[in-house]
A.B. asks: 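Submitted below is the structure of interest, expressed as structure tokens.
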Amino acid sequence: MNGSNGDTETVRDVVIVGSGVAGLSAAVYAARADLEPLVLEGPEPGGQLTLTTDVENYLGFPEGVGGMELIQRGKEQAERFGAEFSHGTVERTTLDERPFELELSSGDVLRTRALIVATGASARLVGAENEDELMGYGLSTCATCDGAFHRGDDVLVIGGGDSAMEEALFLTKFADSVTVVHRRDELRASEVMARRARDNETIDFRWNTELLEIHGSQEAGVTGATLVSHPDGHPTEKLEVGDEVEREGVAVGGIFYGVGHVPNTDFLADTAVKLDASDHLRTLEGRTTETAVPGVFGAGDVADPEYRQAITAAGTGSMAALDAEAWLDERAADGRSADTAEALADD
Ligand code: NAP
């Protein structure tokens with residue numbers, strides 16, 4: 001029997017942590033399997049797609065689809081089959097007892113037989129001086145959220161991947177000039193995105209260059225930056241060895257980071273779930289979403305250091321729900337409960 005959020009007496013069959021495309025896809029599948037999943041939406045409900053503009057490579061949308069729209073429709077679809085959504089954020093998990101316990105930031109504790117981790121990844125920071133102070137005051141990790149504040153500004157976009165190209169292209173709607181600052185002399189972005197950015201006359205590139213310091217204040221916003229460059233790239237690494245690195249001050253009104261993402265796995269610290277060197281959740285070898293802890297499944301960007309596409313996240317979300325359903329069924333068929341400490345020793 002499933003219980004309501006925060007009820008420690010009852011035990012859920014499946015809790016899905018994360019409400020991006022992977023979590024939603026898992027919710028649709030788990031709900032259609034009558035597992036009455038609870039989706040904990042987390043601190044960034046809807047995940048990375050809510051911060052993007054059009055998604056052009058999601059199968060079935062030849063004209064593209066808005067990231068926010070895709071997420072809203074996915075949530076409606078999951079709710080239609082009975083998935084429940086809650087604003088909860090998991091702070092800590094206890095996975096060495098069954099059922100598993102999830103401690104939420106509200107103080108509530110949830111208990112569940114199976115757990116699907118679909119917590120995605122959050123924007124990476126570069127570590128420039130004054131970054132913490134100016135985040136949200138002219139420094140941003142989301143052009144679609146904050147671009148409109150920079151009408152008529154000169155802005156910098158940091159990074160050389162698809163995210164940076166997308167941010168730069170979006171910012172051309174508002175900014176007078178957009179300069180992409182990349183630490184090497186070659187983009188990582190896909191050919192189509194790189195071409196679009198190169199062909200746009202409002203976008204310039206600074207190669208072999210990094211952001212060292214951000215100038216400004218919370219009152220005045222971002223007013224400029226110190227850039228460092230070196231002909232061999234990765235200039236900040238060369239600062240320490242005293243190699244010849246050029247410094248330059250530039251006046252800009254906004255800075256946008258597009259330097260990738262880090263997986264959200266902090267809440268799994270001190271559990272037996274294994275992480276890789278970049279803190280992605282490690283699933284078992286083969287085509288599976290199982291983790292080192294039986295009954296815990298991983299889906300989407302949190303477990304994917306390689307593909308990180310909306311469509312692959314949706315795919316692994318459905319796989320995680322199918323794997324969770326099969327795991328619960330197997331245990332029921334064995335007569336083993338997913339609710340006891342002995343059950344854990346059996347695994
Ligand atoms: P990414 O491909 O990992 O690119 C990150 C970029 O930031 C790289 O160019 C990297 O430089 C640079 N970088 C990383 N850390 C840095 C630091 N500390 N200082 C300066 N630069 C740093 O990440 P992404 O662009 O977010 O893309 C992630 C995935 O999502 C990709 O698979 C991408 O195709 C997909 N995506 C697709 C679209 C689209 O199709 N419209 C849009 C967004 C994202 P190096 O190149 O030197 O490593």
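Order of appearance sets the numbers: ligands from 1, and atoms from 1 within every ligand.
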A.B. asks: Of the protein's non-hydrogen atoms, which lies at the shortest distance from atom 11 (O) of ligand 1, and what is that distance?
C.D. replies: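 Sorting protein heavy atoms by distance from atom 11 (O) of ligand 1 puts Arg183 NE, 3.1 Å first.
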A.B. asks: Quick one: does any side-chain atom of Lys238 pair with a main-chain N or O of Gly233 as donor and acceptor, under 3.5 Å?
C.D. replies: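 Judged by distance alone, yes, a pair lies under 3.5 Å.
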A.B. asks: Counting C-beta onward and ignoring hydrogens, is there a side-chain heavy-atom pair between Glu325 and Val14 closer than 4.5 Å?
C.D. replies: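 Not in contact.
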A.B. asks: Is any side-chain heavy atom of Glu36 less than 4.5 Å from a side-chain heavy atom of Asp13?
C.D. replies: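 With C-beta onward as the side chain, the pair stays apart.
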A.B. asks: What part of Arg308, side chain from CB on, backbone N/CA/C/O, both or neither, has a heavy atom under 4.0 Å from ligand 1?
C.D. replies: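 Near ligand 1, Arg308 shows its backbone as well as its side chain.
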A.B. asks: Which residue owns the protein heavy atom closest to atom 19 (N) of ligand 1, what's the atom, and how far is it?
C.D. replies: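 Result for atom 19 (N) of ligand 1: Val126 CG1, 3.7 Å.
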A.B. asks: State, without any angle test, whether Thr179 and Asp204 hold a side-chain donor-acceptor pair at a distance under 3.5 Å.
C.D. replies: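 Looking only at side-chain atoms, Asp204 and Thr179 do not form any donor-acceptor pair under 3.5 Å.
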A.B. asks: What protein heavy atom sits nearest atom 33 (C) of ligand 1, and how far off is it?
C.D. replies: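 Nearest neighbour among protein heavy atoms for atom 33 (C) of ligand 1, to 0.1 Å: Asp162 OD2, 3.4 Å.
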A.B. asks: Hey, looking at atom 43 (C) of ligand 1, which of Ala128, Ser190, Ser163 has the closest heavy atom?
C.D. replies: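 Going through Ala128, Ser190, Ser163 one by one, Ser163 has the nearest heavy atom to atom 43 (C) of ligand 1.
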A.B. asks: May I ask you to identify the nearest protein heavy atom to atom 23 (O) of ligand 1, giving residue, atom name and distance to one decimal place in Å?
C.D. replies: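 Here the closest protein heavy atom is Gly260 CA, 3.5 Å.
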A.B. asks: Give the numbers and elements of all ligand 1 atoms closer than 4.0 Å to a heavy atom of Arg184.
C.D. replies: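 With Arg184 as reference, the close atoms of ligand 1 come out as 45 (P), 46 (O), 47 (O).
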A.B. asks: Which one holds for Asn57 and ligand 1: side chain close, backbone close, both close, or neither close, with close meaning a heavy atom under 4.0 Å?
C.D. replies: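 Looking at Asn57 and ligand 1, just side chain atoms fall under 4.0 Å.
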A.B. asks: Considering only protein heavy atoms, which is closest to atom 4 (O) of ligand 1, and at what distance to one decimal place?
C.D. replies: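 Checked against all protein heavy atoms, atom 4 (O) of ligand 1 sits closest to Arg188 CD, 3.6 Å.
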A.B. asks: For atom 32 (O) of ligand 1, what's the nearest protein heavy atom and its distance?
C.D. replies: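 For atom 32 (O) of ligand 1, the nearest protein heavy atom is Gln309 NE2, 3.1 Å.
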A.B. asks: I'd like to check which ligand 1 atoms, numbered from 1 as shown, lie under 4.0 Å from a non-hydrogen atom of Gly161.
C.D. replies: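 Checking each atom against Gly161, I get 4 (O), 6 (C), 9 (O), 25 (O).
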A.B. asks: So, for His150 and Gly254, which heavy atoms are closest and what is the spacing to 0.1 Å?
C.D. replies: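 For His150 and Gly254, the tightest heavy-atom pair comes out as CE1-CA, 3.5 Å.
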A.B. asks: Grab the two heavy atoms, one from Val55 and one from Gly67, that are nearest each other, plus how far apart they are.
C.D. replies: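 Closest heavy-atom pair between Val55 and Gly67: CG2-CA, 3.9 Å.
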A.B. asks: Would Thr265 and Asp279 count as having a side-chain donor-acceptor pair, cut-off 3.5 Å?
C.D. replies: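 There is no such pair between these side chains.
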A.B. asks: Starting from atom 41 (N) of ligand 1, what is the nearest protein heavy atom, named by residue and atom, and what distance separates them?
C.D. replies: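 Nearest protein contact, heavy atoms only, for atom 41 (N) of ligand 1 is Glu166 OE2, 3.4 Å.
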A.B. asks: Going by atom types alone, do Asn264 and Ser122 pair a side-chain donor with an acceptor below 3.5 Å?
C.D. replies: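 Yes, side-chain donor-acceptor contact under 3.5 Å.
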A.B. asks: Any idea which heavy atoms bring Val90 and Val17 closest together, and the distance?
C.D. replies: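 In terms of heavy atoms, the two residues are closest at CG2-CG1, 3.7 Å.
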A.B. asks: Do Val15 and Phe100 touch side chain to side chain, with heavy atoms closer than 4.5 Å?
C.D. replies: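 Answer no - side chains too far apart.
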A.B. asks: Using a 4.0 Å heavy-atom cut-off, which part of Glu56 comes near ligand 1: side chain, backbone, both, or neither?
C.D. replies: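 Answer for Glu56: neither.
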A.B. asks: Measure from atom 7 (O) of ligand 1 to every heavy atom in Leu125, Val259, Thr236 and give the option owning the shortest one.
C.D. replies: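 The option holding the nearest heavy atom is Val259.
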A.B. asks: Heavy-atom pairs closer than 4.0 Å: do any link ligand 1 to the side chain of Met165, the backbone, both, or neither?
C.D. replies: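 Neither part.
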A.B. asks: Take Phe174 and Val155 through the side chain to side chain contact (heavy atoms under 4.5 Å, CB included) test and state the conclusion after the steps.
C.D. replies: CA-CA 10 Å; Phe174 310 102; Val155 300; over 6 Å; no
A.B. asks: Taking distance alone, with no angle check, do Gly160 and ligand 1 share an N/O pair under 3.5 Å?
C.D. replies: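 So ligand 1 has an N or O lying under 3.5 Å from an N or O of Gly160.
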A.B. asks: Under 4.0 Å from any heavy atom of Tyr307, which atoms of ligand 1 are there?
C.D. replies: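 Numbered from 1, ligand 1 contributes 32 (O).
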